[in-house]
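Values below: every heavy atom of this structure, side chains too, minus hydrogens, waters and symmetry copies. Letters A, B, ... are given to chains in the order of the sequence lines, protein chains preceding strands, and every chain is numbered from 1.
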2 protein chains.
Amino acid sequence: MPTPDRTAAKEKFMAFLEEKNLRITSQRRAIVETVFGTDQHFTAEQLLEWARERDASVSRATVYRTLPLLTESGLVHEMDFGKDYKIYDPNYADHPNHNHIICDDCDKIVEFESDKLDALETEISSKLGFSVKSQQLRINASCEEMKKLGACKNKDH
Amino acid sequence: MPTPDRTAAKEKFMAFLEEKNLRITSQRRAIVETVFGTDQHFTAEQLLEWARERDASVSRATVYRTLPLLTESGLVHEMDFGKDYKIYDPNYADHPNHNHIICDDCDKIVEFESDKLDALETEISSKLGFSVKSQQLRINASCEEMKKLGACKNKDH
DNA sequence: AGCAAGTCGAGACCGAGTCTCATTTGCAGG
DNA sequence: CCTGCAAATGAGACTCGGTCTCGACTTGCT
Ligand SMILES: [Mn+2]
Ligand SMILES: [Mn+2]
Ligand SMILES: [Zn+2]
Ligand SMILES: [Zn+2]
């Protein structure tokens with residue numbers, strides 16, 4: 001996957017803030033630069049840690065306050081795999097329709113795209129009288145390496 | 001949906017306990033009778049409350065210890081819709097392949113079956129070198145009633 | 001009955017996420 | 001540049017689902 005255009009996303013978010021009459025603070029700048037300075041998936045706590053390396057004054061509260069803005073802007077994607085924390089994907093603007101599969105044993109996440117899946121999800125929802133807001137196929141599985149190792153839980157690869 | 005055969009599920013679970021050399025205690029009996037005495041989806045805290053109506057001595061710890069046994073036995077299905085609690089489905093033995101769609105606004109859950117979806121999920125997983133353990137399509141949507149009411153959050157139907 | 005292993009409840013604890021409130025900061029308008 | 005004020009901030013208390021510990025009590029087996 002090619003390196004995403006971080007600058008574009010950053011500027012889009014600043015514009016999003018302006019539109020909503022929200023202020024561009026130094027903490028928000030540090031957070032946004034952190035988010036669009038990686039293409040890894042991350043948790044809120046990881047983001048806090050990374051952002052603090054740029055600006056030690058960033059607080060947990062501000063990270064948790066900014067994350068909903070980032071997802072509302074559509075530039076970051078929030079995911080839930082049934083763990084007790086959420087996972088965020090900073091590449092969403094560049095790859096808006098990808099899905100994820102997670103290995104239950106080692107937490108490895110693999111991305112994939114499937115138009116067939118998207119179409120089927122939409123079809124089912126409308127048949128049931130729902131209007132889709134977001135959809136997420138969560139497949140909990142064991143990856144190949146885990147199968148070889150024989151179901152050992154939570155080891156590194 | 002017809003009333004499920006609660007007795008069968010209850011006995012299957014007792015057999016499951018015996019197989020694993022686990023004891024049949026009065027608290028486990030109360031919990032199991034509660035679980036297979038409803039066909040509603042429930043949370044762990046709800047189950048605690050209901051089980052205590054049968055046997056006031058049932059503790060939170062025992063409920064949380066028994067739930068994994070119930071899901072491991074395959075008789076109860078554990079689900080996560082991105083809320084901060086899990087939802088359990090006591091009908092799983094009778095309808096092993098159904099999926100769920102949830103209304104983000106009012107938490108209403110609707111069940112459906114789709115062989116096409118199941119097949120597609122399996123195909124994708126194996127293509128990626130994963131062996132599926134469980135799969136769950138989570139569609140966060142607005143139900144018809146919520147659309148009419150205009151996106152009002154968390155109201156009763 | 002007697003024993004060992006399994007199970008129990010109470011309540012301490014955990015960790016992600018939320019809330020409060022006193023203080024600081026961005027920014028518009030003069 | 002200055003001033004005023006709403007928006008935003010950090011520290012830390014708090015919430016809440018869920019887990020863990022540990023001493024006491026059951027269960028199942030002989
Ligand atoms: Mn991704
Ligand atoms: Mn169901
Ligand atoms: Zn793995
Ligand atoms: Zn609804």
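Here the C1' atom of nucleotide C/dG6 and the NZ atom of B/K20 are 14 Å apart, to the nearest Å. One can place CD1 of A/I31 at 11 Å from C1' of D/dT9, the figure rounded to the nearest angstrom. Per the geometry, NZ belonging to B/K86 stands 7 Å off P belonging to D/dG18, to the nearest Å. A straight line from CG of B/D80 to P of D/dG18 spans 9 Å, rounded to a whole angstrom. Per the geometry, CG belonging to A/L22 stands 10 Å off C1' belonging to D/dA8, to the nearest Å. Taking atom CG of residue B/N21 and atom P of nucleotide D/dT26, one finds them 22 Å apart after rounding to whole Å. B/Q46 has its CD atom 13 Å from the C1' atom of D/dG17, to the nearest Å. Going from atom NZ of A/K83 over to atom P of C/dG17 covers 14 Å, rounded to whole Å.
Going from atom OG1 of B/T71 over to atom OH of B/Y92 covers 11.5 Å, rounded to the nearest 0.5 Å.
Classification of the A/Y88-A/F42 ring pair by plane angle, with boundaries at 30° and 60°, yields parallel.
Between A/K127 and A/E123, at least one side-chain nitrogen of the basic residue sits less than 4.0 Å from a carboxylate oxygen of the acidic one, meeting the salt-bridge criterion.
Considering only side-chain N and O atoms, A/Q27 lies under 4.0 angstrom from the phosphate OP1 or OP2 of D/dG10. Between B/T25 and C/dC8 there is a side-chain polar atom (N or O) within less than 4.0 angstrom of OP1 or OP2.
Against DNA chain D, the stretch residues 50-75 of chain B makes heavy-atom approaches under 4.0 Å through B/A61, B/Y64, B/R65.
A distance-only check finds a donor-acceptor pair linking the side chain of B/R28 to the backbone of B/R23 [under 3.5 Å]. Panel note: side chain A/T62, backbone A/V58; no donor-acceptor pair is recorded below 3.5 Å.
Tested against A/F13 for a side chain to side chain contact (heavy atoms under 4.5 Å, CB included), the candidates A/I24, A/V76, A/L70 yield a single pass: A/L70.
Between the side chain of A/R23 and the base of D/dA6, at least one donor-acceptor pair of N or O atoms lies under 3.5 Å.
Of all nucleotides listed (D/dG17, D/dG28, C/dC8), D/dG17 comes nearest to the side chain of B/E45.
Aromatic rings from B/H98 and B/H77 are positioned such that their centres are separated by 6.0 Å or more.
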